[in-house]
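Below: the structure, in structure tokens.
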Amino acid sequence: MSSVKNPLILRQLFHKETSTYTYLLACGNTKEAVLIDPVLDCVERDLKLLQELGVHLVYGMNTHVHADHITGTGKLKEALPDCKSVLGSKSGARADVYVAQDENVKFGNLALECRSTPGHTNGCTTYVLHEHEMAFTGDALLIRGCGRTDFQQGSPSVLFESVHSQIFSLPKHYKLYPAHDYKGFSVTTVEEELAHNTRLTKTKEEFIKIMDNLNLPYPKRLGKFCKITSSREI
């Protein structure tokens, strides 16, 4: 018999244009739910799924302020007035609830531990669901990679320390769910990334050199994002 006391409803959703994952988590007992990293373009999809599953959204949560897409939190709140937005306390953007290191966000009988993981942005937060041995890493840790550090308060040195101290310190069997994937992967584990992450298995000095020489183009939707989010809650 399973030792898990509180069942979890988990759905991983995908926005093709920005390769973004949104996660619906709901307590199987109370039907209270959270959405992690909702995308504005997909709010109608998400609302339909909430209705189909018969769950009640209490929080729209963001792992960070996104440069490549506009969060759907504001539109979700328009449709669901009881829903509150959640964001890291160092994000610099508006939200109903700000979370800091070691705080918990409760939904039904479940709780997400908040771990500050800056380096991609100052406000990046990883959400850990210990009862089900999983974590939602945003852009701090991607499968076999990590988020870029060349804008949005990015720092390769800070990101390296964040991932190693807050994510790689989790039990090796914990599943890790990123905010993006560009190669067709959907989930990894701490153990896999400790062994196979092409950047974060390097020394800190090597990692900084790699990140400083990526020369990546800016996200194609960055200009649109900046114009819209300058005057709205994200």
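Small disclaimer: the values here were computed from a predicted structure and weren't measured.
Of the possible donor and acceptor atoms, one in the side chain of R148 sits under 3.5 Å from a partner among the backbone N and O of L216. In this structure, E161 contributes its side chain and V158 its backbone to no donor-acceptor pair below 3.5 Å. D181 places a side-chain N or O within donor-acceptor distance of the main-chain N or O of G184, the cut-off being under 3.5 Å. At distances below 3.5 Å, at least one donor-acceptor pair connects side-chain atoms of N197 with backbone N or O atoms of R199. Listed for the E131 side chain is a donor-acceptor partner under 3.5 Å among the backbone atoms of N6. The main-chain N or O of C114 is never found under 3.5 Å from a side-chain atom of E103 such that the two would form a donor-acceptor pair. Remark: the backbone N or O of G123 is paired with a side-chain donor or acceptor of T125 at under 3.5 angstrom. A donor-acceptor pair is defined here as one N or O able to donate and one able to accept, closer than 3.5 Å; no such pair exists between the side chain of T189 and the backbone of Y174.
Annotation: the span from T198 atom OG1 to I143 atom CD1 amounts to 12.0 Å, rounded to 0.5 Å. For the atom pair L129 CG and K175 NZ, the distance stands at 12.0 Å (nearest 0.5 Å). Put simply, OG on S91 and CG on L87 are 3.5 Å apart, with the number rounded to the nearest 0.5 Å. To the nearest 0.5 Å, the span separating CG on D82 from CD on E32 amounts to 10.5 Å. Between atom CG of residue L194 and atom NZ of residue K172 there is a gap of 6.5 Å, rounded to the nearest 0.5 Å. Residue T121 holds its OG1 atom at 6.0 Å from CD of Q153, rounded to the nearest 0.5 Å.
Checking E191 against H173 by side-chain atom types alone, no donor-acceptor pair falls below 3.5 Å. Defined by atom type and a distance below 3.5 Å, a donor-acceptor pair is present between the side-chain atoms of S157 and K204. In summary, the side chains of Y23 and Q12 do present a donor paired with an acceptor at a separation below 3.5 Å, with no hydrogens or angles considered. For T188 and E192, the side-chain atoms include at least one donor-acceptor pair closer than 3.5 Å. When only modelled atom types and interatomic distance are considered, D37 and T63 share a side-chain donor-acceptor pair under 3.5 Å.
Closest approach of G108 to T30, counting heavy atoms only: CA-OG1, 3.1 Å. Residues S169 and S165 approach most closely at OG-O, 2.6 Å, considering heavy atoms. When all heavy atoms of H15 and C42 are compared, the closest pair comes out as CD2-SG, 3.5 Å. Contact between P178 and L141 at its shortest, heavy atoms only, is CB-O, 3.7 Å. When all heavy atoms of I167 and A140 are compared, the closest pair comes out as CD1-CB, 4.3 Å. A pairwise comparison of heavy atoms in L24 and A33 identifies CD1-CB, 3.8 Å as the closest pair.
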Inset, instruction - Could you please spell out the steps behind the side chain to side chain contact (heavy atoms under 4.5 Å, CB included) verdict for L110 and K106? - result: CA-CA 6 Å; L110 297 169; K106 296 181 179 180; over 6 Å; no

Inset, instruction - Output, in order, the C-alpha distance, side-chain angles, deciding distance and verdict of side chain to side chain contact (heavy atoms under 4.5 Å, CB included) for L200 and C146. - result: CA-CA 8 Å; L200 287 154; C146 62; 4.0 Å; yes

Inset, instruction - Just do the salt bridge (Lys or Arg N to Asp or Glu O under 4.0 Å) check on R115 and D102 with the steps written out, would you? - result: CA-CA 6 Å; R115 294 192 172 198; D102 299 327; 5.8 Å; no

Inset, instruction - Would you please test T149 and S155 for side chain to side chain contact (heavy atoms under 4.5 Å, CB included) and show each step? - result: CA-CA 5 Å; T149 58; S155 166; 5.8 Å; no

Inset, instruction - Check the pair D139 / H66 against side chain to side chain contact (heavy atoms under 4.5 Å, CB included), numbers first and verdict last. - result: CA-CA 9 Å; D139 283 15; H66 312 277; 5.7 Å; no

Inset, instruction - Assess whether side chain to side chain donor-acceptor pair (under 3.5 Å) is satisfied between H180 and T20, documenting all intermediate values. - result: CA-CA 5 Å; H180 298 281; T20 300; 3.2 Å; yes

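The 12-atom threshold is not exceeded at CD of Q51, counting heavy atoms of other residues, nucleotides or ligands nearer than 6.0 Å.
Between V99 and V97 there is a side-chain heavy-atom pair separated by less than 4.5 Å. Residues L76 and L35 form a side-chain contact, since some pair of their non-hydrogen atoms from C-beta on lies under 4.5 Å apart. The shortest distance between side-chain heavy atoms of F160 and I208 does not fall below 4.5 Å. Side-chain contact between Q166 and S116 is absent, with no heavy-atom pair separated by less than 4.5 Å. No side-chain heavy atom of L50 sits less than 4.5 Å from a side-chain heavy atom of H56. By the 4.5 Å heavy-atom criterion applied to side chains, S19 and F14 are counted as neighbours. Within the 4.5 Å cutoff, no side-chain heavy atoms of L159 are placed close to those of T117. You'll find the side chain of L40 stays beyond 4.5 Å of the side chain of T71, heavy atoms only.
Hydrophobic clustering (ILVMFWY, side-chain heavy atoms < 4.5 Å, transitive): V34 and L53 are in distinct clusters. One hydrophobic cluster holds both I36 and V105 under the rule that ILVMFWY side chains link at heavy-atom gaps under 4.5 Å. A single hydrophobic cluster is seen to contain both V163 and L176, as judged by linkage of ILVMFWY side chains at heavy-atom distances under 4.5 Å, directly or through other members. Following chains of ILVMFWY side-chain contacts shorter than 4.5 Å, one can reach L25 starting from V58, so the two form part of one hydrophobic cluster. In the hydrophobic cluster analysis, where Ile, Leu, Val, Met, Phe, Trp and Tyr join through side-chain heavy atoms closer than 4.5 angstrom, L80 is grouped apart from Y59.
The side chain to side chain contact (heavy atoms under 4.5 Å, CB included) test with M61 is passed by exactly one of F136, F107, Y127: Y127.
In this structure, the ring of Y177 has its center no less than 6.0 angstrom from the ring center of Y21.
Ring orientation note: the planes of H120 and H64 are nearly perpendicular, at an angle over 60° on the 30°/60° scale.
Using a 4.0 Å cut-off between a side-chain N of Lys or Arg and a carboxylate O of Asp or Glu, E193 and R144 qualify as a salt bridge.
T137 meets the side-chain hydrogen bond (donor to acceptor under 3.5 Å, both in side chains) test with no other residue; sequence neighbours excluded.
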